[in-house]
J.: 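There's a structure below that I have some questions on.
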Amino acid sequence: MVNLETKAYALQKYFPLSDLEKNYIAKNAKWYLETGMPYLTEEGMTAWASYFNPSSDHYILDDEAFYYCMVEILSIGKHQ
């Protein structure tokens with residue numbers, strides 16, 4: 001690998017979220033749930049899913065105290 005550049009940055013989202021931001025976070029949450037299924041109880045999976053379901057009383061993406069942070073790492077280079 002030559003001319004490799006790597007940059008890390010924090011992706012921070014907080015209330016109020018746009019529809020696009022809610023969709024992004026909900027899709028990430030679904031992927032986390034699917035990835036973690038072998039390690040979670042049925043009760044844990046149901047609780048997690050309820051936080052990102054707009055029909056649920058536990059929905060968190062419209063909560064004024066909501067905060068989301070994810071570290072993204074971007075690496076660009078050329079293979080020789």
J.: Assess whether atom CD of Glu5 is packed by more than 12 heavy atoms of other residues, nucleotides or ligands within 6.0 Å.
T.: no
J.: Give, for atom CG of Asp62 and atom NZ of Lys22, the distance between the pair rounded to the nearest 0.5 Å.
T.: 3.5 Å
J.: How close do Glu21 and Pro16 get, counting heavy atoms only, and between which atoms?
T.: OE1-O, 4.1 Å
J.: Would you give the length of the straight line joining atom OH of Tyr68 to atom CE of Met70, rounded to the nearest 0.5 angstrom?
T.: 3.5 Å
J.: Do Leu33 and Leu40 have side chains that get closer than 4.5 Å, going by heavy atoms?
T.: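 In contact.
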J.: Step through the shown structure and confirm whether more than 12 heavy atoms of other residues, nucleotides or ligands are within 6.0 Å of CD on Glu64.
T.: no
J.: If two hydrophobic side chains count as joined below 4.5 Å and joins carry through other members, does Leu61 share a cluster with Phe15?
T.: no
J.: Treating Trp48 as the side-chain partner and Ala29 as the backbone partner, does any N or O pair qualify as donor plus acceptor under 3.5 Å?
T.: yes
J.: Do Ile73 and Thr6 pass the side chain to side chain contact (heavy atoms under 4.5 Å, CB included) test, and can you show the C-alpha distance, the side-chain angles, and the key distance before you say yes or no?
T.: CA-CA 7 Å; Ile73 299 172; Thr6 299; 3.7 Å; yes
J.: Between Phe52 and Ile25, is any pair of side-chain heavy atoms under 4.5 Å apart?
T.: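 Yes, close enough: below the 4.5 Å cut-off.
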J.: Nearest 0.5 Å, what's the CZ-CG distance between Phe66 and Leu17?
T.: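 Here the interatomic distance stands at 6.0 Å.
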J.: Which distance, rounded to the nearest 0.5 Å, do you find between the CG of Asn28 and the CG of Leu11?
T.: 8.5 Å
J.: Applying side-chain contact (heavy atoms from CB on, under 4.5 Å), name anything that partners Tyr14, two or more places apart in sequence or on another chain.
T.: Tyr67
J.: For Glu43, I'd like to know if atom CD has over 12 heavy atoms of other residues, nucleotides or ligands within 6.0 Å.
T.: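 Not more than 12 within 6.0 Å, no.
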J.: Within this structure, what is the NZ-CG distance for the pair Lys13 and Leu20, rounded to the nearest 0.5 Å?
T.: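 The CG atom of Leu20 is 8.0 Å from NZ of Lys13, to the nearest 0.5 Å.
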J.: Starting at NE2 of His58, measure out to OG1 of Thr46 and round the result to the nearest 0.5 Å.
T.: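 Separation between the atoms: 10.5 Å.
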J.: Test of understanding: clusters of I, L, V, M, F, W, Y form through side-chain heavy atoms closer than 4.5 Å, transitively. Do Met37 and Tyr39 belong to the same one?
T.: no
